[in-house]
There are 2 protein chains.
Amino acid sequence: MLLYQQIKQYITKLIDDKQQGVKLPSERQLLEKFNSSRITVREALFRMETEGLIYRQNRKGWFVSPARLRWNPVKKVNYYQLAKEQGFTPNTQLVAINHGKAATVVYQAFEQTSSEIFWEVYRVRSLDERPVMLEEIYCQQRVFPQLHDKALEGSITTLFSQDYNIAICSEQSSIHVTALPDDKAELLNLNAGSPCIKIIRKRFCPQQRLIDYNIEYWVHGAIEIVVESY
Amino acid sequence: MLLYQQIKQYITKLIDDKQQGVKLPSERQLLEKFNSSRITVREALFRMETEGLIYRQNRKGWFVSPARLRWNPVKKVNYYQLAKEQGFTPNTQLVAINHGKAATVVYQAFEQTSSEIFWEVYRVRSLDERPVMLEEIYCQQRVFPQLHDKALEGSITTLFSQDYNIAICSEQSSIHVTALPDDKAELLNLNAGSPCIKIIRKRFCPQQRLIDYNIEYWVHGAIEIVVESY
DNA sequence: CAGTGGTCTAGACCACGAT
DNA sequence: TCGTGGTCTAGACCACTGG
């Protein structure tokens with residue numbers, strides 16, 4: 001068996017013994033244990049990261065992945081409710097709120113000319129203190145005046161409904177796998193280049209007008225997508 | 001800027017110039033161009049693989065990823081129809097059909113005792129000659145006698161319906177990201193350890209009895225999942 | 001056969017984290 | 001300050017592909 005596979009096997013055993021979220025031995029400790037080199041040790045670690053079994057925090061070390069959050073993109077369930085039902089302690093942190101010009105894709109999605117001003121809200125969502133998702137929300141400033149004065153840590157849907165009387169009625173999501181970009185990784189305290197799930201979501205009001213445009217980056221090992229059809 | 005980022009930038013430009021599916025320069029050519037080492041060149045290539053922009057075939061080289069297939073897991077659309085609508089030439093290849101004992105998860109899903117015999121069908125699906133998905137299908141031998149004599153390259157749903165008069169009416173899918181296992185990678189002519197999308201699907205008849213249990217491994221850069229909700 | 005990627009060694013220097 | 005991972009070098013041998 002290849003050396004990196006032996007190392008994988010060893011770490012797999014460690015994971016079984018350890019609690020979720022616990023730190024693994026350092027790369028240099030593993031290297032000495034197997035009389036190997038860092039390249040080979042990291043080969044094993046990266047594979048297990050891709051498998052979603054472990055994750056790393058920038059320069060802090062490697063950790064055992066907790067259980068995945070099961071999420072149904074079709075059912076519009078509140079994040080807090082969903083997380084609590086599955087035994088997690090959820091949290092949302094507002095990272096930034098800006099207004100001004102947005103990226104071209106946003107103008108295209110809203111079918112607006114480039115004079116339109118957009119809110120850009122960045123939020124990080126965590127499960128049991130572990131950042132698992134970075135969210136970018138775009139919506140029109142003239143539709144949501146004074147948005148920066150609102151409490152932005154809760155459900156945006158509820159906020160839209162209660163403070164602006166705007167209901168979300170349908171949505172379209174596009175999901176694909178990519179690598180965490182540098183700027184998003186930094187906000188999540190993770191490493192750029194790790195696999196992640198990117199979800200682009202458009203949400204509409206009953207009149208089919210686009211209300212908000214959403215980009216979510218999920219730590220790939222933190223989520224499982226569940227879909228039913230009849 | 002970091003060296004591997006410069007190499008990424010260079011390859012990104014190459015991709016813009018090249019046709020989909022075209023081969024990239026070899027690792028050693030890139031290494032010489034940047035007076036670098038293979039480790040660094042491969043760092044750039046692996047990141048772009050995770051981004052879904054390029055892919056590799058075992059010991060053959062690195063290639064530019066073609067466009068993604070857009071797929072809606074809720075709408076039960078035929079693979080051939082879907083692929084053709086999006087301008088691909090689809091193909092299915094039967095890799096193996098066995099019968100006997102299955103894995104424990106299969107027995108659990110079917111709620112059967114271990115005396116039950118299952119068919120195990122392996123198929124590889126391609127788009128424009130590029131293998132993009134490996135499928136494992138499990139179903140009960142006594143429900144589908146003589147399955148091995150049937151044409152297994154087409155739609156299984158149609159086969160169940162026409163040859164066995166069994167309709168599929170609802171399904172449950174679980175989607176997550178993982179690494180391509182060694183044995184699946186081999187069948188796809190790809191490399192173990194690359195990110196992939198694993199879809200576990202259970203399909204039921206109108207009486208809510210489980211008809212087949214399906215595991216799909218998608219080359220992650222080959223697919224985009226689209227979901228709508230109302 | 002030459003060329004490709006797959007695996008692996010034995011180092012190095014750096015930025016940043018924990019303390 | 002020391003330990004961590006992040007980046008990088010300059011090689012090596014091997015299995016397999018393709019001509």
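This is a predicted model, so every value here is computed, not measured. So that the names make sense, note that chain A is the first sequence line, chain B the second, and so on, each numbered from 1. Excluded from the calculations below are hydrogen atoms, water molecules and symmetry mates; all remaining heavy atoms, backbone and side chain alike, are included.
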When you check the phosphate oxygens OP1 and OP2 of [N], does a side-chain N or O of [X] lie under 4.0 Å from one of them?
X	N	value
B:R56	C:dG6	yes
A:Y4	C:dT7	yes
B:N58	C:dG5	no
B:R47	D:dT7	yes
A:S37	C:dG11	no

Sugar-phosphate only, base, or nothing, as touched by [X] at under 4.0 Å among non-hydrogen atoms:
X	value
A:I39	base
B:N35	sugar-phosphate
A:S26	sugar-phosphate

[X] [atom1] - [N] [atom2] separation (whole Å):
X	N	atom1	atom2	result
A:Q57	C:dC16	CD	C1'	13 Å
A:F46	D:dG6	CZ	C1'	9 Å
A:R59	D:dC2	CZ	P	19 Å
B:L30	C:dT4	CG	P	10 Å
B:E32	C:dT4	CD	P	10 Å
B:L24	C:dG3	CG	P	19 Å

For B:E186, the side-chain contact (heavy atoms from CB on, under 4.5 Å) test, sequence neighbours excluded, returns none

Closest to the side chain of B:S36, out of D:dC8, C:dG5, D:dT9, is D:dT9

Practice item. Check every atom of D:dG5, D:dC8, C:dT4 against the side chain of B:Q29 and return the nucleotide holding the closest atom. Key: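 Closest of the options to the side chain of B:Q29: C:dT4.
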
Under the ring pair (Phe, Tyr, Trp, His ring centres under 6.0 Å) rule, what do A:Y138 and A:F118 come out as? Steps first, then yes or no, please. CA-CA 6 Å; A:Y138 295 92; A:F118 283 94; 7.2 Å; no

Between B:Y80 and the options B:T89, B:N91, B:T92, the side chain to side chain donor-acceptor pair (under 3.5 Å) test singles out B:T92

- Kindly say whether the aromatic ring centers of B:F34 and B:Y10 come within a distance under 6.0 Å. yes

>> Closer than 4.0 angstrom, basic N to acidic O: yes or no for B:E171 and B:K76?
In response: no

